[in-house]
Amino acid sequence: MALPSADELEQLPEIEKQWAVKATQYAETYFRLISSIDGKSLRLTPIDDEIYQDFQNTFPNFSLIEIDEEEMKSTNGKEIWRNWIMKYEKRVSDYNFGTLLRKNVDGDYTEENTMFVTRMQFYAIEIARNKQGLNSHLAQKKTTL
């Protein structure tokens, strides 16, 4: 049996639905995790420290509080991110898998506060947020309820 080409798969509603379900489940699981434990103690990959250092060096002025989606997805932003991501192609599984990311660190995954990124972009931003304690308030909020 021949597999369909990428072009034939591109807009199939069932495939889009499956991706959406998987991405949503990943986002929900991650949010439950950072709402349960302090992100400072969380490791998302075996090379979190390396990813964090490389992200900080490559994107020193990147705002982790409120992500500028337009800047990130601009022609220049896409090129810089693409080059950065490709360094991890053989080292991080699912490095380019579509993933949902919260734009504002203080918010939940809502339609207004969610954007689509690659898994590597998600790792870079969320590892940095965790190491800098920007997600800590989520677990602290739970313990004070």
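Atoms considered below: every heavy atom in the structure, side chains included; atoms not considered: hydrogens, waters and symmetry mates. Throughout, numbering of the chain's residues begins at 1 and tracks the sequence. Computed from a prediction, not measured in an experiment: that's the story for all the values here.
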Peer 1: Which atoms form the tightest heavy-atom contact between N130 and G39, and what is the distance?
Peer 2: CB-O, 3.2 Å
Peer 1: Counting C-beta onward and ignoring hydrogens, is there a side-chain heavy-atom pair between M86 and Y95 closer than 4.5 Å?
Peer 2: yes
Peer 1: How far does CG of N96 sit from CD of E89, to the nearest 0.5 angstrom?
Peer 2: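 Nearest 0.5 Å value for the CG-CD distance: 7.5 Å.
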Peer 1: Mind checking whether L44 and Y30 have side chains closer than 4.5 Å, heavy atoms only?
Peer 2: yes
Peer 1: Search all heavy atoms of S36 against all heavy atoms of A139 and return the closest pair with its distance.
Peer 2: C-CB, 4.1 Å
Peer 1: Working to the nearest 0.5 angstrom, can you tell me the gap between F62 CZ and I67 CD1?
Peer 2: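 Going from the CZ atom of F62 to the CD1 atom of I67 covers 4.5 Å.
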Peer 1: With rounding to the nearest 0.5 angstrom, report the NZ to CG distance, K131 to D48.
Peer 2: 6.0 Å
Peer 1: What pair of heavy atoms forms the shortest contact from I47 to R91, and how long is it?
Peer 2: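 The pair with the smallest heavy-atom distance is CG2-NH2, 3.8 Å.
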Peer 1: With a 6.0 Å cut-off (strictly less than), is the heavy-atom count around CD of E70, excluding the residue itself, greater than 12?
Peer 2: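 12 or below, so no.
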Peer 1: First locate atom CG of L100, then atom OG1 of T114, and finally report the distance between them rounded to the nearest 0.5 Å.
Peer 2: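 Atom-to-atom, L100:CG and T114:OG1 are 6.0 Å apart.
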Peer 1: Among all residues two or more places apart in sequence or in another chain, which pass the side-chain contact (heavy atoms from CB on, under 4.5 Å) test with N76?
Peer 2: S74, I80
Peer 1: Heavy atoms only: give me the nearest N104-R129 pair and the separation to one decimal.
Peer 2: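 Taking N104 first and R129 second, the nearest heavy atoms are C-NH2, 4.2 Å.
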Peer 1: Do T99 and E126 make a side-chain contact, defined as non-hydrogen atoms from C-beta onward lying under 4.5 Å apart?
Peer 2: no
Peer 1: Can you list the steps and then say if S136 with D38 is a side-chain hydrogen bond (donor to acceptor under 3.5 Å, both in side chains)?
Peer 2: CA-CA 5 Å; S136 296; D38 189 340; 2.6 Å; yes
Peer 1: Check the surroundings of atom CD in E69: do more than 12 heavy atoms from other residues, nucleotides or ligands lie under 6.0 Å from it?
Peer 2: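 Yes.
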Peer 1: Students often mix this up, so state it plainly: with edges at 30° and 60°, are the rings of W84 and W81 parallel, tilted or perpendicular?
Peer 2: perpendicular
Peer 1: M120 and side chain to side chain contact (heavy atoms under 4.5 Å, CB included): which partner among T45, D94, V92, I125?
Peer 2: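 Running side chain to side chain contact (heavy atoms under 4.5 Å, CB included) over T45, D94, V92, I125 with M120 returns exactly one hit, V92.
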Peer 1: Checking side chain to side chain donor-acceptor pair (under 3.5 Å) between R102 and each of N135, D108, T110, N113, which is the one that passes?
Peer 2: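 With R102 as partner, N135, D108, T110, N113 yield a single side chain to side chain donor-acceptor pair (under 3.5 Å), made by N135.
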Peer 1: With rounding to the nearest 0.5 angstrom, report the OH to CD distance, Y88 to E50.
Peer 2: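 If we round to the nearest 0.5 Å, Y88:OH and E50:CD are 5.0 Å apart.
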Peer 1: Between L64 and V105, does the side chain to side chain contact (heavy atoms under 4.5 Å, CB included) criterion hold? Intermediate values first, please.
Peer 2: CA-CA 7 Å; L64 296 168; V105 73; over 6 Å; no
Peer 1: Under the side chain to side chain contact (heavy atoms under 4.5 Å, CB included) rule, what do T24 and Y109 come out as? Steps first, then yes or no, please.
Peer 2: CA-CA 9 Å; T24 301; Y109 281 98; over 6 Å; no
Peer 1: Hey, does the side chain of R119 reach the backbone of F122 with a donor-acceptor pair shorter than 3.5 angstrom?
Peer 2: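 No; zero donor-acceptor contacts below 3.5 Å.
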Peer 1: Assess whether salt bridge (charged side-chain N to carboxylate O under 4.0 Å, His left out) is satisfied between K103 and E112, documenting all intermediate values.
Peer 2: CA-CA 8 Å; K103 294 179 194 178; E112 302 80 30; over 6 Å; no
Peer 1: Taking NZ in K78 as the centre, count heavy atoms belonging to other residues, nucleotides or ligands within less than 6.0 Å. Is the count above 12?
Peer 2: no
Peer 1: Shortest non-hydrogen contact from G98 to A23?
Peer 2: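 Closest heavy-atom pair between G98 and A23: O-CB, 4.3 Å.
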Peer 1: Could you check whether the rings of F55 and F59 sit parallel, tilted or perpendicular, using 30° and 60° as the cut-offs?
Peer 2: tilted
Peer 1: Under a 3.5 Å cutoff, is there a donor and acceptor pairing between the side chains of T118 and Q121?
Peer 2: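 Yes, Q121 and T118 have a side-chain donor paired with an acceptor closer than 3.5 Å.
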Peer 1: Roughly how far, to the nearest 0.5 Å, is CD1 of I51 from CD of Q56?
Peer 2: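 Going from the CD atom of Q56 to the CD1 atom of I51 covers 12.5 Å.
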